[in-house]
Structures are given as C-alpha cells and as structure tokens.
Amino acid sequence: MSKEIVTEKQRILIEQLGVFYEKEGFHPAGARVMALLLIADRNELTFDEIKDALNISKSATSTALNLLLTTKRVEYFTNPGERKRYFRATIINWKNHMKEKLEGIITMHSLMKEIIEQRPSSTPEFNASLREIHSFMSFFHKEIPLIIERWKATKK
C-alpha cells in the first residue's frame, strides 16, 4: 500500500473492516475500497490512489468503484480543469442508508405475512420459525420510531 495514504496500523483496520463488509455481502475488492475510504487520512482519493493503496488491479478497482457508486455507498466529484475523479464515502448520507434498510425490513415484513399464509401445513416447524421472524419484525417495526426519538433526545 502507498505509505502516504495509509499507515500499517490503518492497513490492519482496513483488512478487519473489509472482512466485516464481506460478511455483509460486499465482494472483497469493494469491501476493501469502502474500508479505505473510511479509514484513510484524506476523505477523497483518486482511482490510482485507491488501486495503489490496496494493491489491486485496475479491473478490480473499477469494478469495486462502479458497484459502490451504483449502491450509493461512494460518490465522486471532479475539480474544475482536472480530469481526475475523486471518490469519497457517502457517510454523510448515513440517515438515508438507514432509512433504506428500514424500508427493506418493512417490505420483508409484508412479504413474510404472505409467505406464511401460503405455506403448507405439512411443514409446521419451518412455519413456526417464519411466524417467529414475522413477530420479531412486527415488534422491530413498532420499536424503531421510539428508538429514534430516544436517540434524538440524547442529542439535545
């Protein structure tokens, strides 16, 4: 990795965070790019800086950045008169990311109810697990607004 972008200690943290992101469904290069953009001392890095810092190919860098751009985890900007693109994590939009995740849970909650209604009675143990998941999602859906309000109260 480029010694100017990350320290050895930061490299270790990038790897740890990268592994976490992989477990969350990111592919390895995308996980490391996301981690780098969160950990590096500078908030914006060029394509080449990312490639060199992570010691990955142009293709892997491009694929990772395109996926992160598509999923709105990363954004880019250019400076007037420069052709270089600078990439940064969209951490500022964390509330929107959370909202999207919560909307996904609400959608899954509705679908889960339909799934339960269509399940055959010949799978009682599996059906019970589905009902338990649905019950938890109902509870979670009701509790989230209260959690958000409590969090906002701590910020005052």
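Bear in mind the structure is a predicted one, so any value in this text is a computation, not a measurement.
The backbone N or O of K72 lies less than 3.5 Å from a partner atom in the side chain of T90, making a donor-acceptor pair. The backbone N or O of S59 lies less than 3.5 Å from a partner atom in the side chain of T63, making a donor-acceptor pair. Distance alone, capped at 3.5 Å, is enough to place a donor-acceptor pair between the Q10 side chain and the T7 backbone. Remark: the backbone N or O of T46 is paired with a side-chain donor or acceptor of E49 at under 3.5 angstrom. In this structure, R119 contributes its side chain and I115 its backbone to no donor-acceptor pair below 3.5 Å.
Note: L130 CG to K113 NZ = 14.5 Å, rounded to the nearest 0.5 Å. With rounding to the nearest 0.5 angstrom, the CG atom of L65 is 12.5 Å from the CD atom of E75. In this structure, CD in E114 is found 10.5 Å from CD1 in I116, a value given to the nearest 0.5 Å. Between the CG atom of L37 and the CG atom of L45 there is a distance of 5.5 Å, given to the nearest 0.5 Å. Separating the CG atom in N43 from the CZ atom in F87 is a distance of 15.0 Å, to the nearest 0.5 Å. For the atom pair CZ (F47) and CG (D52), the distance works out to 9.5 Å, reported to the nearest 0.5 Å.
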Does I5 form a side-chain contact (heavy atoms from CB on, under 4.5 Å) with D41? I'd like the steps, not just the answer. CA-CA 7 Å; I5 294 177; D41 291 342; over 6 Å; no
What verdict does the side-chain contact (heavy atoms from CB on, under 4.5 Å) test give for L68 and M34, after you've listed the backbone C-alpha separation in whole Å, the side-chain angles of each residue and the deciding distance to 0.1 Å? CA-CA 8 Å; L68 293 169; M34 191 69 213; 4.2 Å; yes
Derivation and outcome, side-chain contact (heavy atoms from CB on, under 4.5 Å), residues R83 and T78: CA-CA 7 Å; R83 292 181 62 192; T78 57; over 6 Å; no
Show the numbers, then the answer: is there a side-chain contact (heavy atoms from CB on, under 4.5 Å) between Y86 and Y76? CA-CA 5 Å; Y86 293 84; Y76 76 88; over 6 Å; no
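Of all the heavy atoms in P120 and N127, the pair that sits closest is O-ND2, 2.8 Å. Here the closest non-hydrogen pair linking F77 and E44 is CE2-CG, 3.1 Å. For the pair L36 and I50, the tightest heavy-atom approach, listed with the atom from each and the gap, is CD2-CA, 3.9 Å. Of all heavy-atom pairs between M112 and I133, the closest is CE-CG2, 3.8 Å. In this structure, L69 and V74 approach most closely via the heavy-atom pair CD2-O, 3.3 Å. Of all heavy-atom pairs between A31 and G18, the closest is CB-O, 3.2 Å.
Hydrophobic cluster membership for M98: W94, W151 (Ile, Leu, Val, Met, Phe, Trp, Tyr linked by side-chain heavy atoms under 4.5 Å, directly or transitively). Applying the under-4.5 Å side-chain rule to Ile, Leu, Val, Met, Phe, Trp and Tyr, the cluster around F136 extends to L102, I105, F140, I144, I147, I148.
L38 and F26 fall within a single hydrophobic cluster, where Ile, Leu, Val, Met, Phe, Trp and Tyr side chains are chained together by heavy-atom contacts under 4.5 Å.
Residues R11 and E15 fail the side-chain proximity criterion, which asks for heavy atoms closer than 4.5 Å. Between V6 and L13 there is no side-chain heavy-atom pair separated by less than 4.5 Å. Looking at heavy atoms from C-beta onward, H27 lies out of side-chain contact with E22 at the 4.5 angstrom threshold. Residues K58 and S62 fail the side-chain proximity criterion, which asks for heavy atoms closer than 4.5 Å.
Residue pairs satisfying the side-chain hydrogen bond (donor to acceptor under 3.5 Å, both in side chains) criterion with at least one member in residues 132-143, sequence neighbours excluded, are listed as follows: H109-H134, H109-S138.
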